[in-house]
Peer 1: 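Sharing a structure, written as structure tokens. Questions coming.
Naming convention: chains lettered A, B, ... in sequence-line order (proteins, then strands); numbering from 1 in each chain.
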Protein chains: 2
Amino acid sequence: MAGIEEVAKLAGVSTATVSRALSGRGHVSPASKAKVEEAAALLGYVVSSNASSLASGRTRNVGVVIPFLNRWFFSSVLEGAQQALLRRGYDLTLYNLSGDGRERASVFEHFLLRQRVDAVIAVSLELTEHEVRRLHDLGKPLVGVGGPIPGVRTLTIDDVAVARLATEHLLGLGHRRIAHIGGDLEFDLDFHLPTNRRLGYEAAMREAGVEVEPRFFASADFTIRGGYHAAKQLLGVPHARPTAIFAASDEMAIGTILAVRDLGLSVPRDVSVVGIDDHDLADFFGLTTVAQFPRVQGEQAVEVLMDELEPGLRPPEPEATPLPYELRVRSSTATPPSE
Amino acid sequence: MAGIEEVAKLAGVSTATVSRALSGRGHVSPASKAKVEEAAALLGYVVSSNASSLASGRTRNVGVVIPFLNRWFFSSVLEGAQQALLRRGYDLTLYNLSGDGRERASVFEHFLLRQRVDAVIAVSLELTEHEVRRLHDLGKPLVGVGGPIPGVRTLTIDDVAVARLATEHLLGLGHRRIAHIGGDLEFDLDFHLPTNRRLGYEAAMREAGVEVEPRFFASADFTIRGGYHAAKQLLGVPHARPTAIFAASDEMAIGTILAVRDLGLSVPRDVSVVGIDDHDLADFFGLTTVAQFPRVQGEQAVEVLMDELEPGLRPPEPEATPLPYELRVRSSTATPPSE
DNA sequence: CTGAAAGCGCTAACAC
DNA sequence: GTGTTAGCGCTTTCAG
């Protein structure tokens, strides 16, 4: 393993110049820079990140803490973050907090304390005040994605507004008996998305002067299967069944579509269905949905961190940046049946 | 940030003893050990991984290189690896090679060369001989999951045998017109799974004395949508349409089920469908499939690495360890229609 | 079983 | 613009 000294010798300069030339910090004459780069390439030299980190205090590594890997939203955020980091020469250390809660403490032991990372991205995870403070004391920037963390810069869509938009779309089509499939309460612990989406739904209903009926609400676990069963429940009533269902996620909406079919009904003739996400499968199922852009959220989280890590000129943005979303009308929604 | 020195002072021992007590390397009297641990806890001390790595040459970090994050197989492997590593106090640095191939070179620059990791897990990625050698020269253990890498310990199911099993299941039910949805050729570049599964299918057919008809083959991209379109193609012929379809993945099999329904046919009455994976959704769709266990594959990959990283007593296993798989019969397969 | 001390390979003042 | 040099915080011989 060639070291910096050998490169310096070969290039005919000092190790300090090599370091400067290769890291871009401080000024180096173009001539020296060229020599250094040539020498480094020749020897296949690359800095030892450990030595560099130890000496500089920077690791060029950010930690991503995330509760699921196998769900569309989460893997998309992760993908976006990974790519943005890679582009900037940063590594991504992954902490998947699925499984028991014991892991969580362990993770904080691990990497907060081992100083492996320069910054942390917390996805849909509500950190305790203690955890936040601990990071803060260490001077590690922290940014949240998808779940508001008190006192922390967070990227998240406005769940209330998104749900309202979806509901208003159905109301606009003339629907009045609109049911909602929300998230199980357990999903509300760490990120209040289920509650917020339900609030948006109820607000839109009330504003339109439509009563919110408890029998038009069901909860599920954000999966296709969960949505399927919830929808069957909602549609099972013989009379005055809902003419539309707004599901809090596309996967549940897809489950709903499958349930409608299995009930011998047709989407959108008998029942309109709308979701949230614009999941990979939404287009395939012709699902009308409110799109959000998790990849972009991951990328943007990285950008925010970079502003703090490598201070540029951009003005710091407000604490909770609202993210874009967009209604995508496909073939799962239509005017209600005329009865 | 408390350092090792402060801990040593508080515990009344030398830094060397603190190091030994906390790392478990070398012998320390129980008494000292207790004192050190108490002092460390009191000060909230945790070793700096950089300093430790620099001095010891070990990073307690492994790199995982993986082409997709948003596919069931891959996120499951990742999850398994992550958990197994966490348990052992290792970090996982993620390198997602989706996107352009440029990234790939960059990744090798990054972490091979920055010596960030002690070992590498390559998931469904065929490394070049050069890449393998480079890692080897650096003394970094490398283990593959899901795609055979020449000269490298690899965990993978026997794709030929798995496909044969799925096909034999259909043959055993009396099917003769069995179509196969395989992977696009582009997927074959990095891991030969599509080809191998097709070979297994053909072998089973021939052994049963059934001719393999080209019109009974279609390829897709391993997605539900891809499977759907491929299945429509296969089932579109007016006469002598296949009575069974074996898809090379569950997602394609699910697409097939949806296509069958849309064609006004019924699974399994008109068409039997079998897949490979035992995807989360397989049970929901009543899909008969050959289950594989990607989480376990991820965990096992870690185990293999640990044997090399922290040599224990276990005998090294053969280069290509066959992994378990298992036919799970559900409601998507039945005897063929009697015509 | 424990301590002293020499680095691990780089970066960042500081001088020039 | 470039060289000199003192660490970064730990691990690990080597003595004892």
Peer 1: Is a side-chain donor-acceptor pair under 3.5 Å present for A:S52 with A:S49?
Peer 2: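 The answer is no; no qualifying pair exists.
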Peer 1: How close or far is atom P of D:dC8 from atom CG of B:L54, stated in whole angstroms?
Peer 2: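 It works out to 13 Å between those atoms.
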Peer 1: For the pair made of CD in A:Q115 and C1' in D:dC8, what is the distance, rounded to whole Å?
Peer 2: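 Taking atom C1' of D:dC8 as the reference, CD of A:Q115 is at 11 Å.
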Peer 1: Atom NE2 of B:H130 and atom CG of B:D137: how far apart are they, to the nearest 0.5 Å?
Peer 2: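 Here the interatomic distance stands at 9.0 Å.
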Peer 1: A cation-pi test, strictly: NZ or CZ of B:R71 under 6.0 Å from the centre of the six-membered ring of B:F73 and no more than 45 degrees from its axis. Yes or no?
Peer 2: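 Geometry flag: not set, cation outside 6.0 Å or 45°.
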Peer 1: Identify whether any heavy atom of A:V13 sits under 4.0 Å from a base atom; if not, whether one sits that close to sugar-phosphate; answer base, sugar-phosphate or nothing.
Peer 2: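 Here A:V13 touches the backbone only, sparing every base.
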Peer 1: Quick test of your reading of the model: are B:R60 and B:E310 salt-bridged, counting only N-O distances below 4.0 Å?
Peer 2: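 So B:R60 pairs with B:E310 through a salt bridge.
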Peer 1: Got a sec? Which of residues 21-36 of chain A come in under 4.0 Å of DNA chain D, heavy atoms?
Peer 2: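 Residues of residues 21-36 of chain A under 4.0 Å from DNA chain D: A:H27, A:V28, A:S29, A:S32.
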Peer 1: How many Å lie between CG on B:L43 and P on D:dC10, as a whole number?
Peer 2: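 Taking CG of B:L43 and P of D:dC10, I get 12 Å after rounding.
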Peer 1: Would you mind telling me which of D:dC10, D:dT2, D:dT13 lies closest to the side-chain atoms of B:S48?
Peer 2: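 Out of D:dC10, D:dT2, D:dT13, the nucleotide with an atom closest to B:S48's side chain is D:dC10.
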Peer 1: How would you list, by chain and number, every residue that makes a side-chain hydrogen bond (donor to acceptor under 3.5 Å, both in side chains) with A:S23, sequence neighbours excluded?
Peer 2: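 For A:S23 there are no side-chain hydrogen bond (donor to acceptor under 3.5 Å, both in side chains) partners, ignoring immediate neighbours.
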Peer 1: Could you state the CG-P distance from A:N50 to D:dC8, rounded to the nearest angstrom?
Peer 2: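 Those two atoms, CG and P, are 17 Å apart.
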Peer 1: Counting C-beta onward and ignoring hydrogens, is there a side-chain heavy-atom pair between B:I66 and B:L78 closer than 4.5 Å?
Peer 2: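 A side-chain contact under 4.5 Å exists here.
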Peer 1: Nearest-Å distance, CZ (A:R20) to P (D:dT4)?
Peer 2: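 Rounded to the whole Å, the gap is 11 Å.
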Peer 1: I'd like to know if A:R88 pairs up with A:E303 as an ion pair, taking the criterion as any Lys NZ or Arg NE/NH1/NH2 lying under 4.0 Å from an Asp or Glu carboxylate oxygen.
Peer 2: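 Salt bridge: yes.
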Peer 1: Can you tell me if B:R60 touches the phosphate of D:dC10, counting only side-chain N or O atoms and a distance under 4.0 Å to OP1 or OP2?
Peer 2: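 No.
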Peer 1: Please tell me which of B:T15 and A:Y45 maps to the more 5' nucleotide of DNA chain C, matching each residue to the nucleotide holding its nearest heavy atom.
Peer 2: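 Looking at DNA chain C, the more 5' nearest nucleotide goes with B:T15.
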Peer 1: Do B:D91 and A:T93 pair up side chain to side chain, a donor and an acceptor below 3.5 Å, judged on atom types alone?
Peer 2: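 Not at all, the side chains of B:D91 and A:T93 share no donor-acceptor pair under 3.5 Å.
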Peer 1: Got more than 12 heavy atoms from elsewhere within 6.0 Å of NZ, B:K35?
Peer 2: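 Above 12, so yes.
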Peer 1: Can you give the first and last nucleotides of DNA chain C, 5' to 3', that have an atom under 4.0 Å from a heavy atom of chain B?
Peer 2: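 First and last nucleotides in contact are C:dC1 to C:dG9.
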Peer 1: Hey, which sits more toward the 5' end of DNA chain C by its nearest nucleotide, A:S19 or B:S56?
Peer 2: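 With B:S56 and A:S19 compared, the 5'-side residue is B:S56.
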